[in-house]
Each structure stands twice: as C-alpha cells, then as structure tokens.
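Notes follow the structure.
Atoms considered below: every heavy atom in the structure, side chains included; atoms not considered: hydrogens, waters and symmetry mates. Lettering follows sequence order; numbering is per chain, from 1.
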Protein chains: 2
Amino acid sequence: MPSKPAKPKISIATRDPKAPQASAASIEEVARLAGVSTATVSRVINNVPNKASPATRERVLKAVETLSYLPSRAGRALRQQRSHIVGVLAPDLGNAYHALISGSIERALRDQGLVMVLANTGEDPDQQDAMLREMRALQVFGVVMLGAVQSPELEQSLKSNEPLVFVNRRCPYDVPARHVGIDNVRAASEVAEYLFSQHHQGAWIFHAPLKSSASRDRVTSFQRRFQELAGADCPLPEIDVSTRRRDSAYQLAKTHISADAPPRAIFCTTDEIAYGVARHCFEIGLSLPRDSTIFGFDGNPMNEFLAPWLSTVRSPYELFGPAVVDALNAFYDESKASGPFDSILPFEIILSNGLQTAHAPAEPEPV
Amino acid sequence: MPSKPAKPKISIATRDPKAPQASAASIEEVARLAGVSTATVSRVINNVPNKASPATRERVLKAVETLSYLPSRAGRALRQQRSHIVGVLAPDLGNAYHALISGSIERALRDQGLVMVLANTGEDPDQQDAMLREMRALQVFGVVMLGAVQSPELEQSLKSNEPLVFVNRRCPYDVPARHVGIDNVRAASEVAEYLFSQHHQGAWIFHAPLKSSASRDRVTSFQRRFQELAGADCPLPEIDVSTRRRDSAYQLAKTHISADAPPRAIFCTTDEIAYGVARHCFEIGLSLPRDSTIFGFDGNPMNEFLAPWLSTVRSPYELFGPAVVDALNAFYDESKASGPFDSILPFEIILSNGLQTAHAPAEPEPV
DNA sequence: CGATTAAGGGTAATCGATTACCCTGTCAAG
DNA sequence: CTTGACAGGGTAATCGATTACCCTTAATCG
C-alpha cells in the first residue's frame, strides 16, 4: 500500500448536496419489524413494568438496534405536553461566571437525559420576556434564571407555578421560589473581617446594581460587619458601577481613584468589577496587593493565572448543576414539592497569593 | 399612602404549589374565537399570502392577542419534520473563546427566531456522538460544531447531508463542509513576521493538539514563515500541550522554561496556553513582555484588563454568529446550496501594550 | 370449581400544528 | 357569454409518539 497523507483517517464519499434526508425510522417501523404493536414498543422503550415478556422485550430492542431508532422528541412532547428541554436564561455568556455555571448546569442536565436551551438576556426585561414565552411554547421541563430581572412574563410564570429555579440572584418578586446560590451575607461578612484585620481605616466598595439580591446582600452585609468592627463612622465609600461590566468599573475607578491617596482596601461585588478597578490601579502605577488589598466575588478559576493579586470568594461552580437539577426535579416530586426552597452552597475565601505589579502601558509598537 | 419597603415593587399572590398549569390556548380555540377554521389561523400566523382578507386577518390577530396564543413548537415540529432548534456543540464553556462564540451565535439565532441548544462535548467522541443523536431526535434546524472531533455519528451526519457548520476548526473528515473561521495560515504567518522582526534568533512554540485543523494551520504556517525569514536551521522548539488547557501549558512550561535561558519569543496557539506559559514565566521572576515576547491566539477581550503583556490574534467574535446563521440558511436556500463553503472572517493582530511583571507567589496569608 | 387478579398485549384516541386538496365567488380577457 | 385565473377559506389527512381502555390467558385463592 502506498503511504498517503494521513490526516483524515476515514474517508467519506463526496457528499451529495441533493441527497434526501434519509428520514429516521419511526416507532411504527420498529413495531412492524418486531411483530408487535406500537404500544408495546413504546412500553419497552419507556420501561413500563409488567407490560412485556422478556422475549418480546428482546425482539423490540433488537428492532430498535437494527433500525437505529430514536424516538421523535416532537411526537413525545406533543403527547405528553412536556418536553425534555430546560431553558437557561443568562445575562451574558461573555461573563465567565455565567458561562461556567451554564456549563455546570448543562452537564448535570445531560446526566438526567435533559437538554439545555441557553439564551442571553442581557438583563433586559423584554428579552427575558421573549425567552420566557419561547420556553412556554417549547413546553420546557423547567427554566433556570441566572440573574433574573423583574418582567411581566416572569410574574406570569410565577403565578402559573411554572418550574422555575433562580440561581445566584434570588427571585425579584416577593414570593416563595426555588433558589440556588451561596450565602452572600456570610461571605461578605467574612470578607469584611479579613479586610478589617488588614486595614482598620476602612474600605472602598465598588458594587454592581443593587437590583440584584446578590449585590444587595454582599454590600449591606459587608458594611454592617465592617462597621460593627470599626465603628459606625468608619469611612466606607460606596461606588455604584451601574452595569456589571469591567469596563464600567474601569471608567469609574479612573474618576475616583488617584495615585496620591489610593484606597488601602477595595471590596468589589464581582471579580469582573475588580478587574476594571485593578486595571486602573495598575495604570496609575500602584502595585497590587502591596499598595491595595482588592477583593472580588465569584472566584473565576482564571484568577490563579491572570489575577493572582486578587482575593475573592469562590463559588463552587461544579455544585451548581446538580443543585439546580435537584431543584427542578422537586417540582415533579410530590414528596419534595414543599421541601426547602433554598439550596445554599458552600463558598471558599481565596486570598491573593501573588504579588504582581504593573506599569502604565507603553505606546503600542508599530507592526 | 404609607411608604413601604420598596424592593419587590410588584407583589404577587402567594404561589399555590398545586395550582394546575393553566394549559395554553391552542390553535383550535383561536379559530373558534375568531370564527374561522384552524387552517386560516395557521395561514394568518405564518403570513401565507392571498389566503386571508384584511378583515379576517384582523379578527384572527385579535383572537391571538386575546388568548395570548403561542403556537406549540412540538405540534409544528411534528408536522414539519423540523424544529426551530439549532444545536451548538462546544468543547468547553469554561473556555472564554468558546463561551464568547456561543454567545454570539445565540444572538444571531435569536434574530432569526431560532433557539440554541448548547452542549459541552469535552472533545470526547462519545459525548459528541450522544449529542449528535440527540440533535437528530430533535430534528434540529442545524448543528454547529465548535471544535469537532472525529466520531462515527459525525460521519453519519455528513453522509446524510445534515445541516452542519464547523466553526474555527474545519471538518475533521475530508469532505466538503461549511466552515466559519479566520485565516489561521495568514494570521500565523503575520505573527511569525512580527516575532522575527523582534527576535531573529528563533521562537518557541507551545501548541494545542494537532488533530485540530486550526492548531495545525497555526503551527505549520508559523514555522514555514519564520524559517523563510530566518533560514531553515533556525531553532523553533515545538512543545505539544496535549490538552488545550492553561494548567497543562503551565506544567509543561515548568519543565521546559528556566530563568537562566528563557526564550525571547514564545508563540502559543491559543490564549489559554499563553496564560499557562506566562504564569510560569512570572513565577520564575521574568518580566513580560520585557524579557519575552509572548504571542497568543483568539484575543480574549479580558486580555486588555488581565493580560496586557500578551500579544494575540483577535477573532471577531461578533461576526461569528451572523456568519454561522448564513451558513446554516444556505442549506435551505436552493440558490446558495452550492455557494462558497468557507466563510473567512477578518482577524486583528493585537500587540501587547502593557508592561507587567510578577514575582513569585508569597505564602498565602492566614485567614 | 368459580371468582379474582395480574401479566401481556392490542386498538384507537389524542396531543397541536401544517398543508394538500377542494370549493365558491369575482373579475377580466376573449 | 364563456373561460380562466385568482382570492379567500374550509375539510381532513398527517406527522410520531403515549396511554386509556379493552381483551385474553394463566395463576391464585377461598
């Protein structure tokens, strides 16, 4: 055999663009091949007990194998009035925190035979509403709200008791609703204790919009604990980064932080905000964490590589998926229907272990 | 009116966990309310021309509004043998590059009224196969392969001419297949030119597995161009990071790079790999980019904030979504069915503009 | 032995849309 | 006046599953 370039090990006949989509086998064909009715095939596939003898079962499974039969999701959903799809509504996949949690949720769903429809909502009520309607049209198994905002359809969904799980941020309406997240109050309190132990003088706070319960909890708990320790008149300047984006934080840091009197301690309610603040700090010649201790929230795994100067509260990303799936299943399990509505996951305080300094950017070199 | 705590502005009656899911209105009810047949309702909804007088149209739309009718996706999919779902198979949502591209694709799909099912495949052929089967069962509108690997079901999908679009990495089989990505060959060649202009002595290469066409193109093109400029005997040590993860790159950098003779130029085939290599460089006391020029690929937008020392080839994230949607639509458009199979997007060379140094990590401080 | 009960399995209704096919007017061209 | 063409709209088949209901057989119980 002459040696050939080996990259595509298996070669396929050239695709015929006009080849008809060989329509997949239906339950009818399986039934015919196995010599039983479609009812029996359905029962075998769905493991209905006492409805098929071992011999029949075997014949059906053999036919399924032969035809490589896959039940049509549409047929099933139409009849059962329920699909195996779970919608995940996330503010922004560009945010590592949301992307990681979505990833964790997807893996956990897959283990249950469910699939994830993922949508960016941009924290926009209209987009959130459009997607909630879409989820209804899909008759989803459940909806996961990663960073919900108030919106009419969300209200509607709550009223009709649709299977809804809120992640991280709690439900923006005052009704009982399932929730998965960390204990932001305790975490922020521990951060306050740590920062107080390092810098008794006070700390600056850069926070995301307070419409989010997570941001609120983090800010108020931090303030309360710090003032408990340092006295009520302790300065805790509060800067509202009106988005949750690093560039907004960067711009705000520019107007608030100057090299002559930099804050010795900075508490940011998310890592993203910390990145923006830190960028400015580096650009005015500060050295972190020597000149300022900066604390974030979320614990992006990338920090170890790119932001060793950042202390943060790490969320247990991999636990979110299973917890969300449990919360969804509870909607269909009579016995758990009124179980606990909150799933509080453990967090971890990560202290900066790297001393990293930056100088002002040089002029870009010409190509 | 007495002032009340204002957080949840709208209050909802306590949810009744046993409330029946008020089943949504069907096309039948709309037809009854409008006094027409379901056929007419369907035609109005789908804008079939010359099938409804303006008056009828109006009545139907009014009924749709009144009942807040939403067509069942399952009913539609069952009849049309095609859903409005697009599957996106990505190796890992924890990778910012994949997350950003998925986000862009989702937005573009939404603009077309399509929804995205997203799945992590972990570059595992078995998981990829399971998801490809799932996509068939869902009768998806199309499948987007972000980082495809060879697998039996993929072969099968290609053979049956399913609507498949490969992103970034080309199809791992040697058949015509639609592809969206940047011109890796040209990009790597330009990187080689730049690195040569800075450091004629040569460069080290850290690369992801060469099973990926993107990695192959980047490595071979870089080598070819650098050797054209520097001579064939120019040293270009090549280190295979067998995963595409930053921690693997970090470990390999540890065994290959020492402080006494660090490489003056390092070419990494992805930003993630560059992060791992850079971490080691920082830890042994190097200053980047002063001591080494390090080049990545992908252009994570976070670099501006967290890795200003990194030069990189930036992918136009926001262009991926529309390009992918175009490629998918081409499968259903007779006139475009045999159009160009490749959509090559522009890239941008980003040169490091920050000088940032790191010292070895300090002992973690006790809590 | 008769009456129950459980196992095994078939028949056909059902879910909610789309669409092929058919029918009725109207109007303009020839 | 006849003939088409076209607008407007209804009837019913169809997509592929699940499942309520029914039937037969065999085993069990008193």
Side-chain angles (χ1 to χ4, degrees), chain A residues 21-61 63-64 67-85 113 134 136-141, chain B residues 21-61 63-64 67-85 113 134 136-141:
Chain A
Q21 301 264 53
S23 64
S26 76
I27 199 173
E28 181 108 22
E29 301 169 55
V30 175
R32 194 155 40 232
L33 181 57
V36 296
S37 73
T38 62
T40 298
V41 175
S42 176
R43 286 162 182 149
V44 168
I45 288 173
N46 294 297
N47 287 311
V48 179
N50 299 334
K51 275 301 195 181
S53 67
T56 308
R57 211 183 131 67
E58 212 47 53
R59 284 214 315 287
V60 170
L61 292 179
V64 165
L67 300 172
S68 55
Y69 166 69
L70 271 174
S72 151
R73 297 298 190 179
R76 191 190 293 236
L78 181 57
R79 172 63 214 236
Q80 298 192 324
Q81 299 292 300
R82 172 133 273 118
S83 74
H84 72 315
I85 296 173
E134 181 63 52
R136 256 199 288 279
L138 280 167
Q139 296 173 98
V140 291
F141 181 86
Chain B
Q21 301 265 51
S23 64
S26 75
I27 199 173
E28 183 108 22
E29 302 169 54
V30 175
R32 194 155 41 232
L33 180 58
V36 297
S37 72
T38 61
T40 299
V41 175
S42 175
R43 286 161 182 150
V44 168
I45 288 173
N46 294 295
N47 287 312
V48 180
N50 300 334
K51 276 302 193 177
S53 67
T56 308
R57 209 182 133 68
E58 213 46 54
R59 284 214 316 288
V60 169
L61 293 178
V64 165
L67 301 172
S68 57
Y69 166 69
L70 272 174
S72 151
R73 297 300 191 178
R76 194 191 290 240
L78 181 57
R79 171 64 214 232
Q80 297 191 325
Q81 298 291 301
R82 171 132 276 119
S83 74
H84 73 315
I85 296 172
E134 181 62 55
R136 254 197 294 274
L138 279 166
Q139 296 172 96
V140 292
F141 182 86

| request: List for me each residue that meets side chain to side chain contact (heavy atoms under 4.5 Å, CB included) alongside B:A77, sequence neighbours excluded, and say none if there are none. | output: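 For B:A77 the side chain to side chain contact (heavy atoms under 4.5 Å, CB included) partners, ignoring immediate neighbours, are A:A74, B:S83.
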
| said: Once rounded to the nearest 0.5 Å, what's the spacing between atom CD1 of B:I85 and atom CG of B:L138? | reply: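 Separation between the atoms: 5.0 Å.
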
Calculate the interatomic distance between [X] atom [atom1] and [N] atom [atom2]; express it in whole Å.
X      : N      : atom1 : atom2 : value
A:R136 : C:dG16 : CZ    : P     : 16 Å
B:R82  : D:dC15 : CZ    : C1'   : 14 Å
B:Q80  : C:dA17 : CD    : P     : 12 Å
A:N47  : D:dT18 : CG    : C1'   : 15 Å
B:E58  : D:dG8  : CD    : C1'   : 16 Å
A:R79  : C:dG16 : CZ    : C1'   : 13 Å
B:L78  : C:dG16 : CG    : C1'   : 8 Å
A:I45  : D:dT19 : CD1   : P     : 12 Å

| field | Residue closer to the 5' end of DNA chain D, A:V41 versus B:T38 (nearest nucleotide) | value |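 Nearer the 5' end of the strand: B:T38.
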
| Taking for each residue the nucleotide of DNA chain D with the nearest heavy atom, is it B:A39 or A:N46 whose nucleotide lies nearer the 5' end? |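 Here B:A39 is the residue nearer the 5' end.
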
Taking all heavy atoms of [X] and all of [Y], pick out the closest pair and write down the distance.
X      : Y     : answer
A:A137 : B:L70 : N-CD1, 4.2 Å
B:G113 : B:H84 : O-CD2, 3.4 Å
B:F141 : B:R82 : CA-NE, 4.0 Å
A:T40  : A:T56 : CG2-CG2, 3.8 Å

| request: Hey, could you give me each pair passing salt bridge (Lys or Arg N to Asp or Glu O under 4.0 Å) that has a residue in residues 42-61 of chain B? Not counting sequence neighbours. | output: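 Counting only pairs at least two positions apart or across chains, no salt bridge (Lys or Arg N to Asp or Glu O under 4.0 Å) contact touches residues 42-61 of chain B.
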
| Reckon B:Q81 has a side-chain N or O less than 4.0 Å from the OP1 or OP2 of D:dG16? |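 The answer is yes; a side-chain N or O of B:Q81 sits under 4.0 Å from OP1 or OP2.
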
| message | If you compare every side-chain N and O of A:Q139 against the phosphate oxygens of C:dC15 (OP1, OP2), does one of them come in below 4.0 Å? | response |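 No, because none of the side-chain N or O atoms of A:Q139 sits under 4.0 Å from OP1 or OP2 of C:dC15.
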
| field | salt bridge (Lys or Arg N to Asp or Glu O under 4.0 Å) partners for B:R73, two or more places apart | value |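 Residues passing salt bridge (Lys or Arg N to Asp or Glu O under 4.0 Å) with B:R73: A:E134.
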
| request: For DNA chain D, determine which residues of residues 67-77 of chain A have any heavy atom closer than 4.0 angstrom to one of its atoms, and list them numerically. | output: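 Residues of residues 67-77 of chain A under 4.0 Å from DNA chain D: A:Y69, A:L70, A:P71, A:S72, A:G75, A:R76.
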
| said: Among A:S42, A:S37, A:P71, exactly one meets side chain to side chain contact (heavy atoms under 4.5 Å, CB included) together with A:I27. Which residue is that? | reply: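 That would be A:S42; it is the only one of A:S42, A:S37, A:P71 passing the side chain to side chain contact (heavy atoms under 4.5 Å, CB included) with A:I27.
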
| Going 5' to 3' along nucleotides 4-9 of chain C, which nucleotides have protein heavy atoms under 4.0 Å from the base (write B), which only from the sugar-phosphate (write S), and which from neither (write -)? | ---SBB

| field | Check: B:V64 and B:V44 side chains under 4.5 Å, non-hydrogen atoms | value |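 Of all side-chain heavy-atom pairs linking B:V64 with B:V44, none is under 4.5 Å.
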
| query | Mind checking whether B:V41 and B:R32 have side chains closer than 4.5 Å, heavy atoms only? | reply |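 No; the side chains remain at least 4.5 Å from each other.
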
| query | Which dot-bracket string fits DNA chain C when only Watson-Crick or G-U wobble pairs with both atom distances under 3.5 Å count, crossing pairs get [ ], and | stands for a partner on a different strand? | reply | ||||||||||||||||||||||||||||||

